[in-house]
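As the structure lists them, so they are numbered: ligands from 1, and atoms in each ligand from 1.
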Amino acid sequence: MIWPGQASGTGQTDAIDRRIDPARWRQAVYSDVSLTTQWDDGEHSGTGKGRTPTCSNSQPSMVFSMLAALDVEPGSRVLEVGTGTGWNAALLSERFGSPNVVTVEVDADNAATARARLGAAGYSPMAVVGDGAEGWKPSAPFDRVLITASLRQVPRAIVEQVRPGGIIVAPYATEYGGEGVVRLTVREDGSASGPFVGSSAFMRLRQQRTQRTHVREYLGGKPWPADGAKSMTSTSPEELGDWLPMFAIGLQTAGVFPWAEVYDDGSYTLWLRDKAVTSWASIDYVPGAEEFEVYQSGPRTLWGEVQSAYSWWHLQGRPGFERFGITVAAGGLAHAWLDSPSHSVPRVG
Ligand SMILES: C[S@@+](CC[C@H](N)C(=O)[O-])C[C@H]1O[C@@H](n2cnc3c(N)ncnc32)[C@H](O)[C@@H]1O
């Protein structure tokens, strides 16, 4: 059973069962769309959609661009994290030989189905069940690592299991939202650094998912606007809402995330909250307005932080994903940069 379409939310079309409608199934499988194959870590069953897609066959054009960035050479040893359907592992095995491919999947059901599919197609990469953030030490060192679930932190174990000069390709998501595929080269000193090569929208690595506290907890049970201080802003929340500015804001801010409460008349409230549950801000967007009402509460002025992160990005000429990069120090901390590692992206807040 597959649900074709955007895998980051519930925008997929209805389920297609290969046994019932093989022609539509085939058409979907040969289209440039991702195919959701599991919801809610397998807790959801039936033909309807679940709450959150948790496994998919990624969009073919994304798979191919990531494989191109991985730049695998004949004889390279490759680790894939996130076996999913097994398609990517099959592509790697076909091109570089099953003995050179290790693929790790956290979900035992996904792993078992993928292993059966790979076997039926004549491939035998080492397919293991485990937390891919730990890499797969018994087969290290690797020349290449391809991660097919998005990261908020680059796992230390992965960097340590790649030989110097080796390459890691992974979707890297900021806390704020916005995500790009990063291509890191591992250095002799155990650090890894490299640019983003494009935008992406993957499901998160299972252990790095975010737990979010409800807005009402931030208001502490007090009636609106609780202890929020009112001000006005001429920056429209509309300017900040695209994937690229969200990514740029996320590289500069720490632990802030947005959520839009949308109303029927086209207006919405942009909520900003911090992960530590100390601060919140709300900005009321009204179509056609020139100024927008803001409430902020807590030790952090979250709208101020987000606005200044947005302004910095705007002043740099609104750089695209490919002008950003990250460096992961040997100790594990990542720092983001623009154009070169010596030009750090500023941190606000
Ligand atoms: C977008 S799918 C991967 C697509 C896959 N490469 C393919 O060719 O079909 C993401 C997969 O990553 C898996 N995953 C999530 N967290 C993981 C982790 N910590 N270690 C290994 N796999 C993980 C999910 O269970 C899911 O199957």
**Prompt:** Can you tell which part of Gln207 has a heavy atom less than 4.0 Å from ligand 1: side chain, backbone, both or neither?
**Reply:** side chain
**Working for salt bridge (Lys or Arg N to Asp or Glu O under 4.0 Å), residues Asp339 and Arg323** = CA-CA 5 Å; Asp339 296 328; Arg323 283 185 56 195; 2.8 Å; yes
**Asked** Taking the side chain as C-beta and beyond, is there a heavy-atom pair between Leu79 and Ser139 under 4.5 Å?
**Response** no
For [X], the ligand 1 atoms whose distance to one of its heavy atoms is below 4.0 Å:
X: Glu80; result: 6 (N)
X: Ser58; result: 1 (C), 4 (C)
X: Ser56; result: 1 (C), 2 (S), 3 (C), 4 (C), 9 (O)
X: Val104; result: 21 (C), 22 (N)
X: Thr85; result: 7 (C), 8 (O), 9 (O)
X: Asn57; result: 9 (O)

Is the shortest distance from a heavy atom of [X] to ligand 1 less than 4.0 Å?
X: Gln38; value: no
X: Thr83; value: yes
X: Gly130; value: yes

Provide, to 0.1 Å, the distance between [atom] and the closest protein heavy atom, together with that atom's residue and name.
atom: atom 23 (C) of ligand 1; result: Val106 CG1, 3.5 Å
atom: atom 25 (O) of ligand 1; result: Glu105 OE2, 2.6 Å
atom: atom 12 (O) of ligand 1; result: Gly82 CA, 3.4 Å
atom: atom 10 (C) of ligand 1; result: Thr148 O, 3.5 Å
atom: atom 16 (N) of ligand 1; result: Arg206 N, 2.8 Å
atom: atom 20 (N) of ligand 1; result: Gly132 N, 2.7 Å

**Item:** Best match, Asn88, Asn110, Val63: closest heavy atom to atom 8 (O) of ligand 1
**Value:** Asn88
**Prompt:** Which of the listed options, Thr113, Asp107, Val81, Thr54, holds the heavy atom that is closest to atom 26 (C) of ligand 1?
**Reply:** Thr54
**Prompt:** Out of Asp17, Ile16, Val29, which residue meets the side chain to side chain contact (heavy atoms under 4.5 Å, CB included) rule with Arg24?
**Reply:** Ile16
**Item:** Passing candidate, side chain to side chain contact (heavy atoms under 4.5 Å, CB included) with Val182, options Ile147, Val169, Ile326, Ile168
**Value:** Ile326
Is [Y] paired with [X] through a side-chain N to carboxylate O contact shorter than 4.0 Å?
X: Arg209; Y: Asp41; answer: yes
X: Arg212; Y: Glu217; answer: no
X: Asp107; Y: Arg206; answer: yes

**Arg163 atom CZ, over 12 foreign heavy atoms within 6.0 Å** = yes
**Request:** Measure from the side-chain N and O atoms of Thr36 to the backbone N and O of Gln38, and report whether any donor-acceptor pair falls under 3.5 Å.
**Result:** no
**Prompt:** When the ring planes of Trp224 and Trp280 are compared, do they come out parallel, tilted or perpendicular, using 30° and 60° as the limits?
**Reply:** tilted
**Within 45° cone of Trp25 ring axis and under 6.0 Å: Arg18 NZ or CZ** = yes
